[in-house]
Each structure stands twice: as structure tokens, then as C-alpha cells.
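FYI, side chains are in, hydrogens and waters are out, and symmetry mates aren't considered; it's all heavy atoms of this structure.
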Amino acid sequence: MPDGERLLAVRAHVAGRGLYGPASVGDVAAFEQTMGHPMPDLLKRTYLEVANGGFGPKKTLSLTDTGNWFSGRADLAMGYYDFAADPDHPLPPGIVPFINRNCSVLALIDFRTSDGQMWVWDPNLCCLPHAIGPLEQSLAQWLTDWLHDAMLDGPYPQRELSSRECPHW
């Protein structure tokens, strides 16, 4: 599905949620400067063309503080700094907490990749140093799964298998 069609589908899927309007170009640029990486293209378009947060299975963080906290944080920057400031949660540069899935499980997005590779932080699978890992899934694939009601509610199977390699398992 081309990104334009995907964005139309996301917009239709969130209709009626009472979300804030799209973020501004200035808001996107300010966050990119804060992160030191450009926002993945589809994520940028979703914030600019659909809504300033609240889209996705558990409602993504807003780009700016809208007064409506999604995933327990006011905005992406707060989510990033709260998570990155904790020494028990070492984040690779450019990896940004994106959505709180459940029970301390976070979906994260890689700003170092133009297609927004998705990551997960799941301390329930293993030890804290090995809680984070890539999903080998782009934001486009992740949104498509959500749109088709194919989003997993529990642990991601590829992370469940890799956690068994942890010596602390």
C-alpha cells in the first residue's frame, strides 16, 4: 500500500477519536533538532497530515504537549528524556519511545532509518540490558498491521525467541 493510501486509511481509522489536528512543520523541525536525526518520512507525514499523536493501537505520543497525554507522557520529548535518563534503560542514539503497549512494554521507532524501523523494549522477556531490540518491521508494516487488526497484543514473537538466547533467561 502506498504511503498516501496508508495515511488516508489511518485518518479514517482515527476519525471520531477527538484527536488534535496535525502538528506544524515547525514542531517537526524542532523535535528533529532535539533528536539530532530527521524523523522517518511516514512518521513525519502522519504527524503533519493526520494528527498530533493519538493514532495507532494504544495511541502514540503527541509531538508537542497538547494537554492530552497519550501513553502516559505529554509528548515525544518527555517520553524520550524520561526513558533515556534512567540508567537501567540504555537507548541507542536515535531510538525514540513511541507508544506504551502494556505492562512496561514500549514500542520505539528508529529515527536513523528513513522507513522508521520499529523496536520494542520488553523487560518481561529477559533482563533489563537485553530488554530492547529491533522488530525487523518498518513503521509502514506496523501501521498496516494495526489497520488490519493484525497487531499482536502480547510479546512480539521475534523478540520472544531472541530473549531465550539471553544468559539471564
Revision key, fill the gap. Closest non-hydrogen contact found for T113 with D110 is OG1-O, 3.0 Å
Review point. With no hydrogens and no angle check, is any side-chain donor or acceptor of R6 less than 3.5 Å from a backbone partner on L147?
Key: no
**Study point:** Contact summary for L19 and F55, nearest pair of heavy atoms
**Key:** CD1-N, 4.2 Å
Point to revise | Rounded distance [0.5 Å steps], CE in M118 versus CD1 in I95 | key: 10.0 Å
Check your understanding: About how many Å separate CG of L43 and OG of S114, when rounded to the nearest 0.5 Å?
Key -> 12.0 Å
Practice item. Check whether any side-chain heavy atom of W119 lies under 4.5 Å from a side-chain heavy atom of F98, and answer yes or no. Key: no
Revision key, fill the gap. Interatomic distance, OH@Y47 vs CG@D27, rounded to 0.5 Å, equals 11.0 Å
Contacts under 3.5 angstrom, residues 30-42 side chains, donor-acceptor by atom type, not counting sequence neighbours:
{"from": "E32", "atom 1": "OE2", "to": "M39", "atom 2": "N", "distance (Å)": "2.8"}
{"from": "E32", "atom 1": "OE2", "to": "K44", "atom 2": "NZ", "distance (Å)": "3.0"}
{"from": "T34", "atom 1": "OG1", "to": "A30", "atom 2": "O", "distance (Å)": "3.0"}

Review point. Are M1 and W146 co-members of a hydrophobic cluster defined by side-chain heavy atoms under 4.5 Å apart?
Key: no
**Study point:** Side-chain donor or acceptor of R45 paired with backbone N/O of D3 under 3.5 Å
**Key:** no
Exercise for review: With the side chain counted from C-beta on, respond yes when Q141 and L135 share a heavy-atom pair under 4.5 Å apart, and no when they do not.
Suggested key: no
Review point. To the nearest 0.5 Å, how far apart are CD in Q117 and CD in E136?
Key: 8.5 Å
Review point. At their closest point, which heavy atom of L48 faces which heavy atom of P22, and how far apart are they?
Key: O-CB, 3.0 Å
Exercise for review: Step by step, work out the side chain to side chain contact (heavy atoms under 4.5 Å, CB included) result for R11 and L8.
Suggested key: CA-CA 5 Å; R11 189 178 297 123; L8 289 173; 3.2 Å; yes
Point to revise | Heavy-atom side-chain proximity of I132 to P92 below 4.5 angstrom | key: yes
Check your understanding: Considering all heavy atoms of both residues, which atom of W142 and which atom of A107 are nearest to each other, and what is their separation?
Key -> CZ2-CB, 4.3 Å
Review point. Side chains of T46 and L7: does their closest heavy-atom pair fall under 4.5 Å?
Key: yes
